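Quick caveat: nothing in here was measured; it's all calculated off a predicted structure. In each ligand, atom 1 is the first atom listed, and ligand 1 is the first ligand listed.
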Amino acid sequence: MTTIQTVAFDDQKPGTSGLRKKTNVFMQPHYLENFVQAIFNAIGGVRGKTLVLGGDGRFYNDRAVQIILRMAAASGAAKVIVGQGGVLSTPAASNLIRQRKTDGGIILSASHNPGGEDEDFGIKFNMANGGPAPESVTEAMFREASVLVSYNITETADIDLGALGETEIGGMAVEVVDCVADYAALMETLFDFDAIRAMFAGGFTMRFDAMCAVTGPYATEILEGRLGAAAGTVTHGTPLPDFGGMHPDPNPTWAHELMDEMMGPNAPDFGAASDGDGDRNMVVGRGIYVSPSDSLAVLAANAHLAKGYAKGLAGVARSMPTSAAVDRVAVDLGIAAYETPTGWKFFGNLLDAGRATLCGEESFGTGSDHVREKDGLWAVLMWLNILAVRKQSVADILAAHWAKYGRNYYSRHDFEGVDKDKADLMMGSLRKSLAGLPGTQIEGLTISAADDFAYTDPVDGSVSSKQGVRILFEDGSRIVMRLSGTGTQGATLRVYLEQYAEAGFDRDPQEALASVIRAAHELAQITHFTGRTEPDVIT
Ligand code: VG1
Ligand code: CO
């Protein structure tokens, strides 16, 4: 074991989901090591502990895994369970942490951010419950990282992560496990694979775009292998270090190949895409896009059709910017609905306490208490299970849903690569104006309330403030604005827009939301501060 003198880094502050930087920032001397040691210190050391380790396979994943193994050995860890080749999807890692009752795990991913030497890399720590470290722990990591003077590492050759089985490194056991097996087994306990298999056998067609990211092997094994979907159902199914140049963010802009096929003349019955680390999903029917907020609501309303949820839901939770569509389902079901800040770490306590069964975010993330992460393939299988039972098209299911609950027209506008100082100025000015807004009229809408969302965790009482500006209107419409916490360059402004309709469900959301969109621009003076008139990405 060697102790290496390091220079502390003052920029290792985890964001919405772990620490994300340009890959070459992580590759500079001591940078990764510094943060890994900070994680170990923040959790009270790893002596005698068992950890899970894996990543989404992006550039530098292979090197980083070897470094982390040698550091864990040097710090006295008892064992590390690694996905074969150093690869694990985020939900599969969460599952392994739980199934094997480990002390937590390290996941290497920058999720939906592009990968490659000139793109992004990331690292996060999940706790023994399988969920992302809460803010108290990520803050401790940041503090540790900024004062660190040394880290420990064992000097050994790389270990072979290609072969399954157990080896050892400096007295620490290393178990290499199949990336897919335990996860696929978990899915079989939740969903009716026989019914889905029968649906595929009856001619049901599907396209799953893995976007050259981590879900390829999972989707191929489960959809084509176990459920009998036609060979070739999964496209871009081989994970690549640079995701084949794709931007593995499953939304209509970045998954345009899938969208074109689903809106075209020969569209399959169902389409889906997943992100870099496999925790997000986009769901598309033939000729119809399902907004993530609607997807969450439909899953909540139909969850009882899947065997894993037949007993019903304890409650549902959504991030604050996510539309209120799921709240209407909760009222109908007579269950609790929680509203949390953005990021999966805020769902952990509700899931652990048994208060929520289903959770979701507008950013294409849905999941349940089966793990403590959002789970892309889980959502796809839940949809397939519902389609197999209801024997209706996605379009019919959505139409019936809106007829019963009304439709929350919803859209998110992202302004990317904005100058950070300008974005901060804009948010600062907007925050200052909030107190004077209630009662004001804008674009024919009357503002009823305006605030900066603060959340008190109902389980442990911890408070998270400044989680996004909300402007609520008398007719139930809503604007939310916040800056992204996952980017690595400049600032990304996210503007979330929502309007509820009791009739007229076939409008284009951008048109239905036109006055809310104009109000957002006027209230925040987006063009004045950022120079932007149009968003870069609309979901
Ligand atoms: C984004 C999404 C958020 C999600 C987070 C991590 O965060 O908005 O809902 O939880 O990414 O997802 P932000 O701060 O950029 O808005 V993942 O799949 O990239 O780990
Ligand atoms: Co992700």
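Arg482 forms no cation-pi arrangement with Phe453, by the criterion of a distance under 6.0 Å to the ring centre and an angle within 45° of the ring axis. For the pair Lys13 and Phe142, the cation sits on the ring face: its NZ or CZ lies under 6.0 Å from the ring centre, inside 45° of the axis.
Salt bridge Arg372/Asp352: present, at least one basic N to carboxylate O contact under 4.0 Å. Salt bridge status for Asp277 with Arg58: absent, with no side-chain N to carboxylate O gap under 4.0 Å. Ion pairing between a basic and an acidic side chain is recognised when a charged N comes within 4.0 Å of a carboxylate O; Asp452 and Arg431 show such pairing. Between Glu362 and Arg494, no side-chain nitrogen of the basic residue sits less than 4.0 Å from a carboxylate oxygen of the acidic one, so the salt-bridge criterion is not met. In summary, Glu498 and Arg318 do not engage in a salt bridge, as defined by a charged side-chain N under 4.0 Å from a carboxylate O. Under a 4.0 Å N-O distance rule, the pair Arg207/Asp209 does not qualify as a salt bridge.
Taking atom 11 (O) of ligand 1 as the reference point, the nearest protein heavy-atom neighbour is Arg280 NH2, 2.9 Å. Closest protein heavy atom to atom 10 (O) of ligand 1: Glu361 OE1, 2.7 Å. Looking from atom 19 (O) of ligand 1 to the surrounding protein, the closest heavy atom is His112 ND1, 2.4 Å. What sits closest to atom 7 (O) of ligand 1 on the protein, heavy atoms only, is Thr486 CG2, 3.5 Å. Protein heavy atom nearest atom 17 (V) of ligand 1, with residue, atom name and distance: Ser111 OG, 2.7 Å.
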Pair Glu361-Phe347, side-chain contact (heavy atoms from CB on, under 4.5 Å): steps then yes or no: CA-CA 10 Å; Glu361 295 191 281; Phe347 293 133; 4.0 Å; yes
Salt bridge (Lys or Arg N to Asp or Glu O under 4.0 Å) assessment of Lys22 paired with Asp120: CA-CA 4 Å; Lys22 287 287 164 206; Asp120 293 351; 2.9 Å; yes
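Taking a cut-off of under 4.0 Å to the non-hydrogen atoms of Thr16, the atoms of ligand 1 that pass are 5 (C), 7 (O), 13 (P), 14 (O). Of all atoms in ligand 1, listed by their number and element, those nearer than 4.0 Å to a heavy atom of Arg494 are 8 (O), 13 (P), 15 (O), 16 (O). Every atom of ligand 1 is numbered from 1 in the order shown, and the set under 4.0 Å from a heavy atom of Arg482 is 13 (P), 14 (O), 16 (O). In the vicinity of Ser17, heavy-atom distances shorter than 4.0 Å reach the ligand 1 atoms 6 (C), 20 (O). Near Asp275, with a cut-off below 4.0 Å to any heavy atom, the atoms of ligand 1 are 18 (O). Interface atoms of ligand 1 facing Thr342, defined by a heavy-atom separation under 4.0 Å, are 3 (C), 8 (O), 9 (O).
Using a 4.0 Å heavy-atom cutoff, Arg412 is listed among the residues neighbouring ligand 1. Within the structure, the closest approach of Arg20 to ligand 1 falls below 4.0 Å when heavy atoms are considered. Ligand 1 is never approached by Lys124 to a heavy-atom distance shorter than 4.0 Å. Assignment of Gly343 to the shell around ligand 1 is supported, since a heavy atom sits closer than 4.0 Å.
Using a 4.0 Å cut-off between heavy atoms, Thr90 makes no contact with ligand 1 at all.
A donor-acceptor pair under 3.5 Å is formed between the side chain of Arg532 and the backbone N or O of Glu416.
Considering backbone and side-chain N/O atoms, Tyr496 never comes within less than 3.5 Å of an N/O atom of ligand 1. Considering backbone and side-chain atoms together, Gly485 places an N or O closer than 3.5 Å to an N or O of ligand 1.
Angle subtended at the Co ion (ligand 2) by Asp275 OD2 and Asp279 OD1: 90°, rounded to 10 degrees.
The nearest N, O or S atom of Ser111 is closer to the Co ion (ligand 2) than 2.8 Å.
In this structure, the ring of Phe26 has its center no less than 6.0 angstrom from the ring center of Tyr60.
Nearest to atom 9 (O) of ligand 1 by heavy-atom distance, out of Gly376, Ser363, Ser484, is Ser363.
Results of the side-chain contact (heavy atoms from CB on, under 4.5 Å) test with Val290 over Val298, Val394, Val284, Asn281 single out Val394 as the only residue that passes.
Among heteroatoms of the N, O or S kind in Asp277, OD1 lies nearest the Co ion (ligand 2).
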